[in-house]
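Note that these values count all heavy atoms, side chains included, but never hydrogens, waters or copies made by symmetry. Each chain gets a letter, A, B and so on, in the order its sequence line appears, and its residues count up from 1. Here the structure is a predicted model, which means the values were calculated and not measured.
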There are 2 protein chains.
Amino acid sequence: MARGAWNRDSSRAGEETRSQLIHAALALFGAKGFDATSTREIASAANANIASIAYHFGGKEGLRAACADHVAEQLGRIIGDVVLKSDPGGDPDKALKIIENAISSALGFLLSQPQARDIASFVMSEINRPGAVFEALYTEVFEPVHTKICEFLGLATGRDPKDEVIRLGVFTFIGQLLYFRIGHFIVARRMEWETIGPAEIEAIRSVVLSNIRAFVAANKTGAGS
Amino acid sequence: MARGAWNRDSSRAGEETRSQLIHAALALFGAKGFDATSTREIASAANANIASIAYHFGGKEGLRAACADHVAEQLGRIIGDVVLKSDPGGDPDKALKIIENAISSALGFLLSQPQARDIASFVMSEINRPGAVFEALYTEVFEPVHTKICEFLGLATGRDPKDEVIRLGVFTFIGQLLYFRIGHFIVARRMEWETIGPAEIEAIRSVVLSNIRAFVAANKTGAGS
DNA sequence: GTCTATAAACAGATAGAC
DNA sequence: GTCTATCTGTTTATAGAC
């Protein structure tokens, strides 16, 4: 199924409906899962007609693909732009600072934006499903962002960005971030937090950033290895 | 719906069918999701009849609950026993060693056992759904294991196990582990690994354990804080 | 306990009026 | 582009024979 090749949308009203369908679908797919969400629910939530899904996206699968495109674009703006457009200019300290900023803003987005939960759930359910959605997310978001952070981490530690330790290290950073979104309820319960607000995010950020600095210190060339 | 209160299973054949249904369901729920899996598929995979699900579990929801019980029991044996029955005897070095062993075996289980993928997927989809399944997994697995590791980490760092930094720190450990299961395909693609075998697991283990030692070093009382 | 057959509800897709 | 009405297939649950 080709993505985004369904309708030419000659009118503005069509674009509006199309957009509302994507947003409603993303929220429902994220909250309940793709299979558990019926096209009737989506249309109802988007104040649109059931048949409009087939008209705009060719069917439920087309809507899933459109959601993936939307998510890739969103993530590109939120994470990608911050990371991809930063330039440490060869300064290791600046490189570490950029990584810290990227982690901070990613953490803020993941834990304070209501839409982040649905986006994260949607992405999480798609990254274990080999297919067009995975390919789009990987090549458009994961690969470029990971590569760029490896570049910065390589600079910060004085190692080759392609070094296995660097590439795996970046994944351990991402894992730490993500868990506080995935295990949201577990964390809140165990920490005895009613909600995860600014103060709680700050506590998490502090620990994660400390871990990243510890990684850099432990893996710096000349400082042991 | 009360869990496990459906049938008394007076015969051995009944127990056998019941067990096969749980195993088949867990594999399918994990691989495709609860909603995407039909009771027909489950019955077929378990070499049982469709009606047997209603007979043994009262319906599809009862089967989900039975899977949760089975998973809680499994995780209790695999992770829980290793962690819960270790005793560092007040020695900080031994405490760190126990944590390292626990992380190592959890990593081994997550990345090399075929069943781990389905269990992880199943758990992942349930921890964002407040309900009886979440409660069971939290009180029977997550809470006791997390508390115990906090105890060890407190001993290793010389801090109070209830310290916010310790409790959050343990979550960052778990996040690092889990990501290599959740982001399996992303990691493999980016690392240019065909599969994640013993050698690859060893590389991951090395980085994660190094991070944990760096955490302990950075958060030891007397060593800065 | 296990089976077949079927009921009742629901899914996604589509034809055709407007 | 949007709507109603409907087609076709599938779902879970269940009744009842064995």
Side-chain angles (χ1 to χ4, degrees), chain A residues 1-26 28-29 31-68 125 129 131-133, chain B residues 1-26 28-29 31-67 125 129 131 133:
Chain A
M1 321 270 169
R3 206 166 43 261
W6 272 100
N7 194 269
R8 278 176 271 312
D9 292 298
S10 48
S11 90
R12 311 297 166 264
E15 275 295 347
E16 180 68 18
T17 302
R18 191 188 156 86
S19 170
Q20 281 175 328
L21 281 171
I22 291 176
H23 281 89
L26 185 57
L28 286 164
F29 290 163
K32 314 179 25 170
F34 179 81
D35 297 286
T37 305
S38 71
T39 51
R40 283 169 172 80
E41 282 179 280
I42 298 166
S44 170
N47 277 104
N49 194 275
I50 317 129
S52 63
I53 292 171
Y55 178 79
H56 284 284
F57 307 100
K60 198 185 181 187
E61 273 299 330
L63 184 49
R64 161 192 252 153
C67 285
S125 65
R129 268 180 43 94
V133 172
Chain B
M1 319 272 170
R3 207 167 43 261
W6 270 100
N7 196 269
R8 278 177 271 313
D9 294 298
S10 47
S11 89
R12 313 295 167 266
E15 275 296 348
E16 181 67 20
T17 302
R18 191 189 155 85
S19 170
Q20 281 175 327
L21 282 170
I22 290 175
H23 281 88
L26 186 57
L28 286 163
F29 290 164
K32 314 180 26 171
F34 179 81
D35 297 286
T37 304
S38 71
T39 51
R40 282 168 174 79
E41 283 178 281
I42 298 166
S44 169
N47 278 105
N49 193 274
I50 317 126
S52 63
I53 292 170
Y55 177 80
H56 285 283
F57 308 100
K60 198 185 181 187
E61 273 299 330
L63 184 49
R64 160 192 253 153
C67 285
S125 65
R129 270 179 43 96
V133 172

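Here the options are A:Thr39, A:Ile53, A:Leu26, A:Thr37, the test is side-chain contact (heavy atoms from CB on, under 4.5 Å), and the partner is A:Leu63; only A:Ile53 passes.
Between the P atom of C:dA11 and the CD1 atom of A:Ile42 lies a distance of 11 Å, rounded to the nearest Å. Protein atom CG of A:Leu21 is 14 Å distant from nucleotide atom C1' of D:dC3, rounded to whole Å. Atom CG of B:Leu63 is separated from atom P of D:dT11 by 16 Å (rounded to the nearest Å). The NZ atom of B:Lys32 sits 13 Å away from the C1' atom of D:dT11 (whole-angstrom rounding). Counting to the nearest Å, the C1' atom of C:dG1 and the NE2 atom of B:His56 are 7 Å from each other. In this structure, CZ of B:Arg18 is placed 12 Å from P of C:dT2, rounded to the nearest angstrom. Between the CG atom of A:Leu28 and the P atom of C:dA11 there is a distance of 12 Å, given to the nearest Å.
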Protein heavy-atom contacts under 4.0 Å, written 5' to 3' over nucleotides 13-18 of chain C as B (base), S (sugar-phosphate only) or - (none), form the string SB----
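Mapping B:Ala48 and A:Glu41 onto DNA chain C by nearest heavy atom places B:Ala48 at the nucleotide closer to the 5' end.
Taking NE2 of A:His56 as the reference point, atom OG1 of A:Thr17 lies at 5.0 Å (rounded to 0.5 Å). To the nearest 0.5 Å, the span separating NZ on A:Lys32 from OG on A:Ser125 amounts to 14.0 Å.
You'll find the side chain of A:Ile42 reaches within 4.5 Å of the side chain of A:Phe29, heavy atoms only. No side-chain heavy atom of A:Phe57 sits less than 4.5 Å from a side-chain heavy atom of A:Arg64. When side chains are defined from C-beta on, B:Glu16 counts as touching B:Gln20, because their heavy atoms get closer than 4.5 Å. B:Phe34 has its side chain within reach of B:Glu61: a pair of non-hydrogen atoms, C-beta onward, lies under 4.5 Å apart.
OP1 or OP2 of C:dT2 lies within a sub-4.0 Å distance of a side-chain N or O belonging to B:Thr17.
Across B:Ala66 and B:Ile22, no two heavy atoms sit closer than the pair CB-CD1, 4.0 Å.
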Annotated structure of DNA chain C as dot-bracket, pair cut-off 3.5 Å, Watson-Crick or G-U only, | for inter-strand, is ||||||||||.|||||||
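Taking A:Arg40 as the reference, nothing meets the salt bridge (charged side-chain N to carboxylate O under 4.0 Å, His left out) condition, with sequence neighbours excluded.
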